Amino acid sequence: PTSEQYPRLRLRRAMPRGPVATAAAASAKRPEGRHTEDDADDSGLPADFVGPSSERVRRELFDALRSAFPDGAAMADAAMGRGAPAFGGGYPSAAAPAAAPVGGGDAAPATATWATAAARATPVGSCGGAAAGGGVGTAPREGDVVAEEATQKAKEAKEEERGKQVQKADKLHKEGNRLFGESCWQGAAVKYRSALDLIGEREVFPDSMKRNHDDLTVLCAGNLAACALKGDDAEEALELCDRVLAVDPSHLKVCFRRGLALIRRRRGPSSEADASKDDEADMGDDVSGPRWPPPRASPRASVSTSSSSSAATPSAAAAAAEGATADGAPGAARPEPWQRQRADDLLEARTVLEEMSRRSPRDSAVPSAVRELYVRAKAEGVRLRPPSWLLPEELRDFEYLHAPDLLDQGLERNLLVLLHGFGGRKDPFVELAGKLSLPKTAVLVLNGPKEMPEELVDDPPAFSWFDMFDEDFVFIEPKAGERRRLESLESTASLLAGTLASIAGTCGWGAGEVFVLGYGQGGTVALEFLAHPPASLQRGLLGGVVGVATEVLPERLLACGGRPAVFGPACPAVLLVHGMSDEQTSPLAAELSANALRAALGGEERVVLNVFPDRGGEMLRGGHAEEMLCVMQFFSDHLHGVGRRGSEEAMRRLSAEPVADVVRGNAADAEEAAAAAAA
């Protein structure tokens with residue numbers, strides 16, 4: 001107890017004194033019957049109440065003792081001579097040292113038992129004692145002992161109460177498990193929620209029982225998240241999973257459930273309005289009833305219904321990006337905030353499931369969740385990194401880079417596939433992708449399916465796209481009737497075309513949104529798609545092909561015999577970058593390849609060949625302004641959502657006519673008017 005508990009009883013001078021000592025001190029200070037300023041105490045009491053012999057002051061002191069200590073009543077009664085001695089141990093005998101009054105005066109007689117009891121009960125730091133003013137000296141401070149015992153008893157009682165709460169919560173948890181096993185997840189949710197409400201916050205538990213609180217929180221909140229997923233309440237499941245992961249960040253099951261909640265989370269223009277309605281409805285619920293909400297009535301877009309608008313129309317991201325122009329240009333479209341948030345949800349879910357696949361490869365629930373993730377991502381227009389199992393084993397060594405702009409990641413409009421040359425690997429092309437930094441474009445960099453022997457290369461590992469040597473490591477020369485290289489190329493082209501078709505079908509890439517840039521041998525594979533399209537190549541998938549220091553395989557030119565191939569109505573654009581000083585592919589071979597592609601695509605304007613006099617057979621030269629200008633101009637003209645094509649999309653979105661069409665229309669009207677006038 002402190003002086004704040006009884007502010008009127010700060011009697012530092014009065015408490016150690018007995019009646020006789022107090023009277024002697026008072027008579028020594030003042031004439032009898034008169035009070036002076038020195039008699040006033042700093043407690044604010046009137047001067048005539050300061051003397052300890054005052055009956056009123058004594059009674060207030062004893063009332064304070066009764067309220068401050070568990071056995072204060074008995075102590076006060078004993079001190080006033082009406083009961084047993086305080087603390088159950090009697091009072092000091094007459095031989096015990098008498099307490100000298102603080103500030104002087106006669107010593108109290110041994111018979112002044114009330115003063116001794118009061119001195120014993122004096123709070124530390126508030127009313128004199130043995131250490132201040134020569135109090136009782138060796139007398140035990142039994143008040144402190146009693147206070148410590150009371151504190152210990154309160155602590156034990158608190159631990160006992162928390163222990164009972166833990167036992168009840170554990171019983172509720174087991175009942176919830178039984179109900180969940182019986183597929184009664186709503187009843188199980190009530191049990192789990194009740195257990196969490198019972199244990200409350202972690203801070204109220206003593207240190208010795210915080211571990212019990214953490215264990216129950218992980219068990220009940222984790223299982224309640226599973227119930228929330230059953231009830232199609234992804235937001236509640238996310239909150240519960242975050243609560244568990246704050247205690248145990250490596251909990252596998254809860255990480256998996258959080259990934260599912262991210263997949264099934266609702267995002268859309270009306271989500272905030274729906275959430276506010278749900279909040280209003282929850283506020284009207286009876287707080288005494290179950291806290292588990294029923295499944296929300298607002299319909300969720302189905303990803304398996306063929307009549308879904310998202311499956312029958314262009315993706316939401318494509319619709320939002322339609323009309324986009326180059327970054328910074330007027331009218332450039334940005335994704336809506338809810339679309340950006342939805343893309344972030346699915347990107348995070350993919351990361352979670354990838355980690356789950358690595359840590360728990362035999363869990364059958366993970367592949368099912370991955371399939372659900374990609375179905376929903378495709379329906380909602382979010383482009384994710386393709387799963388490794390989607391690619392054939394020969395092509396699983398790849399890198400996937402999202403668009404450089406954070407706002408476009410997951411909402412890209414184009415996929416650029418980079419193919420290295422003979423004896424190369426993907427690493428330099430990953431750097432090239434970062435330097436190109438094409439807007440609204442994801443990049444897929446692949447290694448060739450055939451690893452070359454280390455004795456043939458200077459810097460292993462090195463890969464090849466198709467066979468160039470025979471069994472004796474002798475270079476295969478192109479000639480009439482030679483088909484070894486051609487058959488190997490056809491096999492690789494079919495493998496790669498099927499892979500691109502699978503990626504487009506799973507990740508949602510549409511017609512004309514896939515571009516291929518190949519160097520050397522990789523460029524030959526890309527041109528094979530055009531000169532002799534494999535059956536596995538999805539028609540209209542390719543939007544453009546860029547070949548650097550490459551050619552159509554000579555055996556393919558001999559096999560075609562100059563006959564045009566039927567590619568289809570949607571012809572991709574082609575750019576060939578060649579050098580006069582190329583020692584591997586002559587300018588004549590590049591010109592023959594361009595002519596063959598023009599015949600295959602059925603148009604002169606679809607194939608552009610740029611031959612630079614100071615160029616050899618190297619990859620793109622970033623420091624060569626003219627060379628990079630022609631490449632970037634090609635992408636600006638054909639990538640979706642940027643450059644010229646982005647401007648055309650913006651014009652279509654605004655229902656406006658391109659200026660060239662307006663000019664042609666005006667000229668036609670003028671000709672018709674002139675003809676009518678002549679008639």
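We number each residue from 1, following the sequence as shown. A quick note: this is a predicted structure, and the numbers were derived from the prediction, not measured.
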ask   = How far apart are the C-alpha atoms of Arg606 and Leu597, what are their side-chain angles, what is the distance that settles it, and do they pass the side chain to side chain contact (heavy atoms under 4.5 Å, CB included) test?
value = CA-CA 9 Å; Arg606 302 301 296 176; Leu597 295 175; over 6 Å; no
inquiry  = Is the ring pair Phe612/His624 parallel, tilted or perpendicular, if the boundaries are 30 and 60 degrees?
reply    = perpendicular
message = Ignoring hydrogens and geometry beyond distance, is a side-chain donor-acceptor pair present between Glu412 and His402 at under 3.5 Å?
response = yes
ask   = Is it true that Asp408 and Arg383 make a salt bridge, defined as a side-chain N closer than 4.0 Å to a carboxylate O?
value = no
note = Residues Ala493 and Phe529: closest non-hydrogen pair is O-CE2, 3.4 Å
Closest non-hydrogen atom pair between Met580 and Pro613, with its separation = CG-CA, 3.6 Å
message = Between Thr499 (side chain only) and Leu495 (backbone N and O only), is there a donor and an acceptor less than 3.5 Å apart?
response = yes
task = Using a strict 4.0 Å threshold on nitrogen-to-oxygen distance, state whether Asp232 and Arg264 make a salt bridge.
result = no
request  = Count the heavy atoms of every other residue, nucleotide or ligand shown that sit under 6.0 Å from CD of Glu626, and state whether that count exceeds 12.
outcome  = no
ask   = Just checking, any donor-acceptor pair under 3.5 angstrom between side chains of Gln409 and Asp405?
value = no
key: Test item: Asn610 side-chain N/O and Val577 main-chain N/O as donor-acceptor pair under 3.5 Å   = no
query = Any Lys/Arg nitrogen of Glu555 or Arg483 sitting under 4.0 Å from an Asp/Glu carboxylate oxygen of the other?
reply = no
inquiry  = With rounding to the nearest 0.5 angstrom, report the CG to CG distance, Leu401 to Leu436.
reply    = 11.0 Å
Short side-chain to backbone donor-acceptor contact, Arg615 and Glu618, under 3.5 Å = yes
task = Would you check, one step at a time, whether the test side chain to side chain donor-acceptor pair (under 3.5 Å) holds for Gln341 with Asp345?
result = CA-CA 6 Å; Gln341 294 169 356; Asp345 291 341; over 6 Å; no
task = Apply the test salt bridge (Lys or Arg N to Asp or Glu O under 4.0 Å) to residues Glu490 and Arg556: give CA-CA distance (whole Å), side-chain angles for both, the deciding distance (0.1 Å), then the verdict.
result = CA-CA 10 Å; Glu490 290 176 349; Arg556 175 60 62 196; 2.7 Å; yes
message = Closer than 3.5 angstrom, by distance alone: can the side chain of Ser536 be matched with the main-chain N or O of Ser494 as a donor-acceptor pair?
response = yes
message = Between Ser464 and Gln521, is there a side-chain donor-acceptor contact under 3.5 Å, judged purely by atom types and distance?
response = yes
request  = Check Val552 against Ala531 and note the closest heavy-atom contact, atom names and distance.
outcome  = CG1-CB, 4.2 Å
query = Can you find a heavy atom in the side chain of Val548 that is under 4.5 Å from one in the side chain of Val546?
reply = yes
key: N/O donor-acceptor pair under 3.5 Å between Thr550 side chain and Tyr519 backbone   = no
key: Closest approach of Pro386 to Ile503 (non-hydrogen atoms, all atoms of both residues)   = CB-CG1, 4.2 Å
task = Taking Arg396 for its side chain and Ser388 for its backbone only, find out whether a donor-acceptor pair lies under 3.5 Å.
result = yes
message = Under a 4.0 Å threshold between the charged nitrogen and the carboxylate oxygen, would Arg484 count as salt-bridged to Asp467?
response = no
ask   = Is the backbone of Leu347 close enough, under 3.5 Å, to the side chain of Thr351 for a donor and an acceptor to pair up by distance?
value = yes
task = Give a yes or no on whether a salt bridge exists between Glu354 and Arg358, defined as a side-chain N under 4.0 angstrom from a carboxylate O.
result = no
request  = Mind telling me whether His638 and Phe634 have parallel, tilted or perpendicular rings, with 30° and 60° as the class edges?
outcome  = tilted
inquiry  = If I take atom CG from residue Asp470 and atom CZ from residue Phe475, how far apart are they, to the nearest 0.5 angstrom?
reply    = 10.5 Å
Gap separating the CD atom of Glu348 from the CG atom of Leu353, nearest 0.5 angstrom = 10.5 Å
query = Could you state the interatomic distance from CG (Leu390) to OG1 (Thr506), rounded to the nearest 0.5 Å?
reply = 4.0 Å
message = Would you call the rings of His420 and Phe463 parallel, tilted or perpendicular, taking 30° and 60° as the class edges?
response = tilted
inquiry  = Is it the case that the side chain of Asn414 and the backbone of His640 share a donor-acceptor pair, with hydrogens and angles ignored and the cut-off at 3.5 Å?
reply    = yes
